[in-house]
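Notes for the one structure printed next.
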2 protein chains.
Amino acid sequence: MSAESRFLTLLRLLANDPAAQGLSDDVAVLPFGASRLILTSDTMVEGVHYLPTDPPQDIGWKLAAVNLSDLAAKGARPVGCLLNYALSGDEAWDEAFVAGLGEALDRHAMPLLGGDTVKMPAGSARSYSLTAMGEATGPVPTRTGAQPGDRLYVTGPVGDAGIGLSLATADPAASGPLVEAYRRPRPRLAEGALLAPVASAMMDLSDGLLIDASRMGVASGVAIVIDHIPLSVALEKVRGASVAVQIAAARAGDDYELLFALPHGVAPPVRAIPIGHVADGSGLTLKIDGAVIPLPDSLGWEHG
Amino acid sequence: MSAESRFLTLLRLLANDPAAQGLSDDVAVLPFGASRLILTSDTMVEGVHYLPTDPPQDIGWKLAAVNLSDLAAKGARPVGCLLNYALSGDEAWDEAFVAGLGEALDRHAMPLLGGDTVKMPAGSARSYSLTAMGEATGPVPTRTGAQPGDRLYVTGPVGDAGIGLSLATADPAASGPLVEAYRRPRPRLAEGALLAPVASAMMDLSDGLLIDASRMGVASGVAIVIDHIPLSVALEKVRGASVAVQIAAARAGDDYELLFALPHGVAPPVRAIPIGHVADGSGLTLKIDGAVIPLPDSLGWEHG
């Protein structure tokens with residue numbers, strides 16, 4: 001067990017309220033009055049979750065987007081957020097960060113409500129947290145509800161952000177749709193709101209399609225079969241569509257598309273790409289062009 | 001204007017929801033159904049908000065306590081919190097932190113609902129944030145409501161934590177009530193709940209009595225007269241009660257007592273120490289033994 005896994009085990013002892021869901025989901029769901037509050041918090045660390053060379057406005061955008069994506073996966077309406085910010089010592093940098101954060105918040109009607117601003121000692125990597133709150137008035141999908149026979153979909157292609165990260169790592173001045181996918185993910189709030197009432201299970205793709213789908217399978221106690229890995233035109237243009245490229249795309253993180261299961265025969269109410277189905281049993285099966293492919297050693301980004 | 005002040009000005013442009021109160025309070029107050037959600041978030045940075053030699057269980061306790069204290073100042077009942085934690089690389093340290101955090105959360109019936117755990121690059125100072133949510137079903141006091149004629153009170157003596165910090169800085173193994181006051185502040189939740197319906201204004205003392213009282217005066221558009229600085233027996237025993245000691249105690253932060261204003265003639269519903277009154281006009285007047293004392297250059301801890 002990794003240090004982080006052991007630490008999470010300790011935290012679960014404190015998270016004994018039903019709203020915490022045993023810390024097994026990306027969010028907490030808290031009944032409040034007639035509706036439910038959806039709570040989520042994500043931290044981004046310099047050099048770990050973003051490149052020190054990434055433009056500050058994109059880092060600000062992304063911090064908002066990853067939290068909004070967690071709300072999207074619950075079909076929740078953004079209510080407000082709190083920012084924990086570590087000043088950079090460079091005012092133009094901080095200003096650009098706030099501009100990008102504000103752009104993402106405005107775009108998705110998420111007011112900033114408060115937070116805390118601190119200085120870090122010189123030489124420290126900085127980190128930023130955003131805690132976001134949403135409201136769900138209808139059903140709140142979890143990752144535990146996938147049923148044998150369900151069809152699996154994603155709201156868009158996978159792997160763009162992973163290639164974008166490689167391109168931005170090699171050249172901080174790189175641009176184009178793949179780098180944009182990595183730096184400016186678009187939370188699928190409208191799609192999530194339409195899907196929440198009909199999806200048997202839903203989650204956002206943050207760590208990679210294979211690992212996230214596998215987690216949905218474990219949480220739901222079902223087997224997952226993926227028979228299609230959707231690639232974007234932009235990705236195919238740069239890397240082609242070989243089996244190796246498809247597997248790499250399915251292992252890449254930071255996509256922030258929604259992965260969801262619908263009962264067989266239910267048409268997705270949003271533009272969506274079918275990628276497989278849910279079956280009896282357990283485990284993940286990957287098929288490419290109809291052939292079963294051995295799973296890679298690592299399915300995606302494992303925390304810790 | 002400091003870098004932090006300029007940064008807060010930028011953030012205020014994003015905080016255009018009435019719940020954010022223009023980021024002028026420690027908390028956001030969000031109407032939700034029949035009650036109000038109180039939201040607050042505090043970050044503690046190694047070497048800035050705590051000593052690297054402080055015991056990890058006390059750092060965990062304090063992170064919970066400072067957030068709970070913000071809820072106390074609103075008379076709110078704790079509902080839940082989210083933790084942003086940076087792993088230390090030392091499992092025993094992390095375990096002790098969680099134990100102290102858990103002790104404070106359990107004591108005040110605050111469930112942990114979620115959050116995020118990250119690793120920092122080697123050599124970085126670490127930081128921890130807690131975002132706390134409370135519910136207020138009655139009136140929510142602000143710092144803007146103090147009226148000329150009101151009497152000012154605190155729920156306990158001031159300055160203990162400041163001396164405790166000096167003692168712990170000189171000797172990490174120091175112990176006793178003053179070090180305890182610095183490392184294990186007690187959020188005044190019960191007092192806050194009883195005071196909220198009657199106080200014209202209330203806030204917790206985090207940066208020092210003089211600066212916090214002065215902020216209440218500015219926010220309320222009134223003058224503040226402080227004519228008594230309450231010292232604990234433990235503090236007097238170590239430092240005496242000279243005018244210099246009293247001023248130092250009134251400038252010291254981290255007390256987490258509640259400062260509140262009551263209309264003249266209203267008896268405090270909790271144990272409280274009268275420290276002065278509210279008057280027409282503006283500014284802060286400090287009297288010790290009946291004589292007006294020139295204000296020190298710095299009234300307390302100024303962020304940034």
Side-chain angles (χ1 to χ4, degrees), chain A residues 3-4 6-8 10-11 13-17 19-20 23 27-28 30 32-35 37 39-43 45-49 79-80 82-87 89 91 94-95 98 101-102 105-106 111-121 123-125 127 129 131 133 303-304, chain B residues 3-4 6-8 10-11 13-17 19-20 23 27-28 30 32-35 37 39-43 45-49 79-80 82-87 89 91 94-95 98 101-102 105-106 111-121 123-125 127 129 131 133 303-304:
Chain A
E4 182 167 354
R6 272 187 290 264
F7 186 74
L8 287 177
L10 287 176
L11 287 183
L13 300 175
L14 304 184
N16 46 16
D17 189 282
L23 304 181
V27 306
L30 191 66
F32 205 88
S35 57
L37 285 177
L39 298 162
T40 187
S41 191
D42 281 293
T43 299
V45 180
E46 184 180 4
V48 178
H49 302 93
V79 167
L82 293 95
L83 171 70
N84 302 91
Y85 189 78
L87 290 167
E91 287 182 40
D94 292 337
E95 196 170 318
V98 173
L101 177 81
L105 296 181
D106 280 354
L112 179 70
L113 299 179
D116 200 5
T117 299
V118 298
K119 282 186 187 158
M120 300 293 290
S124 271
S127 68
S129 300
T131 301
M133 195 165 55
H303 301 271
Chain B
E4 182 167 354
R6 271 186 290 264
F7 185 74
L8 288 176
L10 287 177
L11 288 183
L13 299 176
L14 304 184
N16 46 15
D17 189 281
L23 304 182
V27 306
L30 191 66
F32 205 89
S35 57
L37 284 177
L39 298 162
T40 187
S41 191
D42 281 294
T43 299
V45 180
E46 184 179 3
V48 178
H49 302 94
V79 167
L82 292 95
L83 173 68
N84 302 91
Y85 188 77
L87 290 166
E91 288 182 39
D94 291 337
E95 196 169 321
V98 173
L101 177 80
L105 295 182
D106 280 353
L112 179 70
L113 298 181
D116 201 7
T117 300
V118 298
K119 282 185 187 159
M120 299 293 289
S124 271
S127 68
S129 299
T131 301
M133 195 166 54
H303 301 269

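Just so we're on the same page: letters track the sequence lines, and every chain starts at 1.
Atom CG of B:L87 and atom CG of A:L8 lie 8.0 Å apart (nearest 0.5 Å). Taking OG1 of A:T43 as the reference point, atom CG of B:L82 lies at 10.5 Å (rounded to 0.5 Å).
Only the backbone of B:E46 comes within contact range of chain A, with heavy atoms under 4.5 Å apart. B:A125 touches chain A through backbone and side chain together, each having a heavy atom under 4.5 Å away. Both the backbone and the side chain of A:V98 come within less than 4.5 Å of a heavy atom in chain B. Looking at A:A34, neither its backbone nor its side chain comes within 4.5 Å of chain B, counting heavy atoms on both sides. With a 4.5 angstrom heavy-atom cutoff, B:T40 touches chain A only via backbone atoms. Of the two parts of B:V48, only the side chain, counted from C-beta on, holds a non-hydrogen atom closer than 4.5 Å to a non-hydrogen atom of chain A.
Highest contact tally toward chain A, considering only B:P121, B:G89, B:G80, B:G47, is held by B:P121 [criterion: heavy-atom pairs under 4.5 Å]. Here B:L14 is the residue among B:N16, B:L14, B:L13, B:L39 with the most heavy-atom pairs under 4.5 Å with chain A.
Put simply, the side chain of A:S129 does not reach to within 4.5 Å of the side chain of B:D116, judged on heavy atoms. Residues A:L11 and B:L83 meet the side-chain proximity criterion, which asks for heavy atoms closer than 4.5 Å.
Listed by chain and residue number, A:F32, A:L37, A:M133, B:L30, B:F32, B:M133 satisfy the side-chain contact (heavy atoms from CB on, under 4.5 Å) test with B:L37 (two or more places apart in sequence, or in another chain). Partners of A:D94 according to the side chain to side chain donor-acceptor pair (under 3.5 Å) rule, which considers only residues two or more places apart in sequence or in another chain, are A:Y85, A:S88.
Pairing each heavy atom of A:V45 with each of B:M120, the nearest pair is CG1-SD, 3.7 Å. Residues B:L23 and A:G114 approach most closely at CD2-CA, 3.6 Å, considering heavy atoms.
Remark: the B:S41 side chain and the A:N84 side chain contain an N/O donor-acceptor pair separated by less than 3.5 Å.
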